[in-house]
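Inspection log for the structure reproduced underneath, given as structure tokens.
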Amino acid sequence: MNAILDYALLQYRNPYKYFFMLMMILWSAKTTELLKIDPDNTVMTCVYLIIIVFYYQKYCRKGCLKPLYIILGIFALWYSAICIKYGGVQTIYFGILISTVIAYIAFNLFKQYEFFIYAEKVLVHLCILSLIIWGGYVIMPSLIGEVMDSVSVVDNAATMRANIFVVGIGNQTVEGLMIKRNIGFTWEAGRFSCFLVFAMFLNLSLHNMSLSWRKNRSFYILMAGLVSTLSTTGIIASFSLVLYYVYNKSTAYRVTMIIAGCLLIPVVWGMSFMGGKLVSLMDYEQEIRDMQWMFDRGVESITPQRITGAYLELQNFLNDFWLGYNVNENAFSMSALFDGKEVWLANGVIQIFSMYGVFMGLFFYGLLIKSSALIIKVFNKKGTILFALIFLLLSISYEFWTSSVFLYCVYYALFNHYMPNYGVAYTSVKKV
């Protein structure tokens with residue numbers, strides 16, 4: 001694996017590749033409307049499409065189109081069935097299709113380990129920037145707040161006070177603490193923590209599980225960023241990183257870490273943003289009653305908490321089992337339970353099934369499991385389903401199936417099967 005590290009040090013400085021990875025991460029963050037490729041965002045959408053076409057023409061003209069055709073063909077079959085189901089041409093969410101094309105471009109652009117290397121490096125750099133701004137905001141809230149407000153591209157919102165695409169400051173605090181949570185380049189701290197956990201997985205894989213401060217300071221930068229988010233989702237997902245790390249160590253080391261973990265669990269559970277918060281989210285029936293009460297008093301749109309969101313998403317799936325509800329207004333939770341009032345759910349574990357149906361859901365889960373095995377294998381590590389586990393833990397609170405950075409990883413085995421010269425074969429680890 002030292003060869004991979006040497007490769008990383010030499011190869012992540014290509015400005016074209018760095019810029020595209022930065023844009024992939026920002027598009028995946030979906031922090032503001034200005035970052036969305038959407039007809040309502042006409043000017044910026046034109047800019048983004050120019051970027052995508054430029055990279056496609058420059059890097060994909062000689063690429064194998066078969067995996068892209070397979071994916072788009074499957075979506076075309078699903079869409080045809082949706083039109084038959086609803087009796088006419090239907091609106092669909094193009095985000096996952098656009099992200100599929102972006103992921104395909106990325107597979108042509110980044111060779112061998114470069115995608116993982118650039119993703120880790122860009123996320124480390126964004127984490128450093130976030131810690132600087134967040135630290136300044138904690139120490140000098142008035143000054144930093146005013147400066148950020150003056151250059152912000154978004155209005156003050158529930159979780160986000162200001163944002164300049166690559167970094168922002170938030171309004172979120174934890175009960176009992178006066179410190180604002182670090183939202184990084186996203187709209188809230190929990191989503192930022194998900195990107196940091198992903199970056200920590202890549203960091204450990206690329207650095208052969210090294211926790212040496214001298215050899216791998218980036219890991220501690222990412223860890224500091226994760227702690228600054230004070231995120232329940234991030235902390236829970238980070239336990240999968242501990243499992244990944246321990247599983248790839250000696251038996252004696254595993255036993256020691258398991259004992260240490262058992263001792264730490266009560267401490268972590270006792271934190272205000274962990275055990276207390278999770279217990280408060282369990283009563284989904286009460287939250288549904290609260291949602292109805294708020295809708296009756298004029299609230300136009302609600303995003304429920306995790307447990308309630310998972311329950312409602314499951315109801316959506318059971319009521320549109322075969323083909324899914326396609327767009328939000330068709331969802332059972334919105335059209336039947338709340339009489340057309342806007343209910344936005346973000347449970348990515350179930351949503352891929354409820355939105356696209358059981359067959360599409362199984363297709364994507366199959367890709368995820370195969371790609372997880374291959375990603376772990378090319379890093380010469382153990383635990384074939386551990387990347388899939390990390391992805392699903394992150395998806396409990398947020399939907400990442402339509403985010404190009406994560407979708408690249410989901411498609412990784414499919415792309416690598418048809419384009420092996422672009423991806424990484426297991427036997428090439430020692431040849432890099």
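None of the values given here were measured: they were computed from a predicted structure.
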Can you establish whether the number of heavy atoms outside K370 located under 6.0 Å from its atom NZ is more than 12?
no
Atom pair NZ/CG of K85 and N330 - distance to nearest 0.5 Å
7.5 Å
Is it true that R289 and Q286 share a donor-acceptor pair across their side chains at a distance under 3.5 Å?
yes
In this structure, are over 12 heavy atoms from other groups packed under 6.0 Å from R297 atom CZ?
yes
Rounded to the nearest 0.5 Å, how far does CD1 of I164 lie from OG of S150?
9.0 Å
Report the C-alpha distance between N41 and I37 in whole Å, list the side-chain angles of each, state the deciding distance to 0.1 Å, and finish with yes or no for side chain to side chain contact (heavy atoms under 4.5 Å, CB included).
CA-CA 7 Å; N41 183 28; I37 301 175; over 6 Å; no
Donor-acceptor pair, side chain of T100 and main chain of I96, under 3.5 angstrom:
yes
Is there a side-chain contact between L126 and L22 (heavy atoms, below 4.5 Å)?
yes
Parallel, tilted or perpendicular, as decided by the 30° and 60° cut-offs, for the rings of Y56 and Y104:
tilted
Contact check, side chains of T31 and F165, non-hydrogen atoms, under 4.5 Å
no
Evaluate the side-chain proximity of M334 to E342: yes if any heavy-atom separation is below 4.5 Å, no if none is.
yes
Should L337 and M291 count as side-chain neighbours, where that means a heavy-atom distance under 4.5 Å?
no
Tell me if a side-chain donor or acceptor on Y118 pairs with a main-chain N or O of F19 at a distance below 3.5 Å.
no
Counting distance only, does the side-chain N/O of S193 pair as donor-acceptor with the main-chain N or O of G190 below 3.5 Å?
yes
Indicate yes or no: at least one non-hydrogen side-chain atom of L407 is less than 4.5 angstrom from one of F364.
yes
Is the number of heavy atoms from other residues, nucleotides or ligands within 6.0 Å of OH (Y69) greater than 12?
no
Atom OH of Y86: over 12 foreign heavy atoms under 6.0 Å:
yes
Criterion side chain to side chain contact (heavy atoms under 4.5 Å, CB included) on Y325 and F332, from CA distance to verdict
CA-CA 8 Å; Y325 59 78; F332 176 77; over 6 Å; no
So among F406, Y408, F391, Y356, which one has a ring pair (Phe, Tyr, Trp, His ring centres under 6.0 Å) with W401?
F391
Donor-acceptor pair, side chain of T159 and main chain of Q172, under 3.5 angstrom
no
Would you check if F110 and M21 make a side-chain contact, meaning some heavy-atom pair closer than 4.5 Å?
yes
Say you draw a straight line from OH of Y59 to CD1 of I105; how long is it, rounded to the nearest 0.5 Å?
11.5 Å
Say you draw a straight line from OG1 of T91 to CD1 of I82; how long is it, rounded to the nearest 0.5 Å?
12.0 Å
With heavy-atom distances below 4.5 Å as the criterion, would you say the side chains of Y245 and L241 are in contact?
no
How long is the straight-line distance from CD1 of I74 back to CD1 of I71, given to the nearest 0.5 Å?
7.5 Å
Test side chain to side chain contact (heavy atoms under 4.5 Å, CB included) on N328 and W344 and set out the steps.
CA-CA 8 Å; N328 202 42; W344 297 99; 3.4 Å; yes
Do any N or O atoms from the side chain of N182 and from the backbone of W134 form a donor-acceptor pair under 3.5 angstrom?
no
So among F239, F379, F201, F387, which one has a ring pair (Phe, Tyr, Trp, His ring centres under 6.0 Å) with Y244?
F201
Would you call the rings of F20 and Y55 parallel, tilted or perpendicular, where under 30° means parallel and over 60° means perpendicular?
tilted
I307 backbone acceptor or donor facing Y284 side chain under 3.5 Å:
no
Using the rule given for side chain to side chain contact (heavy atoms under 4.5 Å, CB included), can you reason through K30 versus S403, listing the C-alpha separation, both sets of side-chain angles and the distance that settles it, and then say yes or no?
CA-CA 9 Å; K30 304 175 184 177; S403 298; 4.1 Å; yes
Can the ring centres of F185 and F192 be said to be less than 6.0 Å apart?
yes
Distance alone, cut at 3.5 Å: any donor-acceptor contact between the side chains of T232 and R306?
no
Would K58 and Y16 count as a cation-pi pair here, with the cationic atom under 6.0 angstrom from the ring centre and within 45° of the axis?
yes
Short side-chain to backbone donor-acceptor contact, E399 and Q351, under 3.5 Å
no
Just wondering, do K249 and M209 contact through their side chains at under 4.5 Å, heavy atoms?
yes
Rounded to the nearest 0.5 Å, what separates atom CD1 in I390 from atom OG in S238?
10.0 Å
Any donor and acceptor pair, going by atom type alone, linking the side chain of S28 with main-chain N or O of V405 inside 3.5 Å?
yes
Whether S228 side chain and G225 backbone form a donor-acceptor pair below 3.5 Å:
yes
Just wondering, more than 12 heavy atoms not from I385 lying within 6.0 Å of its CD1?
no
Any donor and acceptor pair, going by atom type alone, linking the side chain of N316 with main-chain N or O of S333 inside 3.5 Å?
yes
